[in-house]
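If you read the sequence from its start, that first residue is 1, and numbering goes on from there.
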Amino acid sequence: MIKRMMGVIFPLLMFPTLFGQDYIMFNTIVLELRNGEHFALQQGVKKHNAKYHDGTNGPKAYLWYIHTGPNSGSYNWAIGPTKFSHMDADLSEEHVKDWERNVEKYARSRDHIFMVRDEVMTYNPENEVVGQNILVKRILVKQGGNHHLNAVEEAMNSIAGVLRKTNAKIARRVYRSAFRTEKGDFILVYPFDSWTEFEGDRQGLPAGFAEDFDRINGKGSFEKLGKTISEHTNGITNEVQTMVK
């Protein structure tokens with residue numbers, strides 16, 4: 001979560017040229033229940049967020065329940081949009097104790113990620129930042145040379161290009177992990193309104209996207225795209241998350 005509380009040691013930035021003069025970033029944490037006390041944790045996080053992270057004097061914090069994927073049954077706590085400069089501010093003793101009393105008592109925090117939005121790869125027609133219901137895809141790029149990263153970047157850009165050309169009605173926000181982790185170098189966030197949107201094989205993209213991709217990039221391009229992503233990554237995980245209000 002925060003400087004004085006977590007004591008996390010970070011590796012080198014994976015994307016040293018990512019940060020411009022301004023950027024959109026979220027700091028996310030998985031909250032893994034200690035004793036299955038869902039209601040107690042939800043109420044504790046709400047109380048802590050309302051007191052210290054309501055967006056009045058700093059970034060706002062949110063809580064989602066994770067339904068699918070390797071973190072299913074846990075929660076995703078996120079604060080943002082934020083800046084790295086916010087990490088320089090010391091927390092009050094009461095702030096730290098409040099987190100311990102209302103959150104850490106019920107859940108163990110792990111998988112701290114600073115995710116920075118890539119505006120070129122992002123397609124966000126409504127200029128939204130936070131979604132109440134989201135599909136989160138995490139992509140881990142293979143190591144062993146820049147060609148893996150370059151191939152994945154080209155694939156991500158090609159998807160964004162088709163979404164723009166077709167004026168798609170969905171949003172697809174692409175974030176990069178600012179620090180190398182085993183939890184994903186690219187984090188793709190697809191807001192959704194209803195679970196019925198997962199009927200079929202859309203997986204976040206709009207209906208008919210494969211056909212549009214082939215029409216714009218040539219026959220067989222979408223299949224080639226899938227093979228490229230598979231070849232240059234160590235897999236994709238899918239997390240359906242719904243906000244705890």
Evaluate the ring planes of [X] and [Y], with Trp represented by its six-membered ring, and classify them as parallel (under 30°), tilted (30 to 60°) or perpendicular (over 60°).
{"X": "His53", "Y": "His48", "result": "tilted"}
{"X": "Phe213", "Y": "Phe222", "result": "perpendicular"}
{"X": "Tyr62", "Y": "Trp64", "result": "tilted"}

Contacts of [X] that satisfy salt bridge (Lys or Arg N to Asp or Glu O under 4.0 Å) - sequence neighbours left out:
{"X": "Lys142", "answer": "none"}
{"X": "Arg215", "answer": "Asp212"}
{"X": "Glu154", "answer": "none"}
{"X": "Asp98", "answer": "Arg101"}

Kindly indicate whether the side chain of [X], heavy atoms from C-beta on, has any atom under 4.5 Å from the side chain of [Y].
{"X": "Arg110", "Y": "Ser74", "value": "yes"}
{"X": "Phe186", "Y": "Thr233", "value": "no"}
{"X": "Ile159", "Y": "Val174", "value": "no"}
{"X": "Tyr75", "Y": "His38", "value": "yes"}

Listed by chain and number, what are the side chain to side chain donor-acceptor pair (under 3.5 Å) partners of Lys245, not counting sequence neighbours?
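With neighbours one apart ignored, the set is Gln132.
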If a pair satisfies salt bridge (Lys or Arg N to Asp or Glu O under 4.0 Å) and one of its residues is in residues 42-52, list it, with sequence neighbours excluded.
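As it turns out, there is no salt bridge (Lys or Arg N to Asp or Glu O under 4.0 Å) pair with a partner in residues 42-52 once direct neighbours are skipped.
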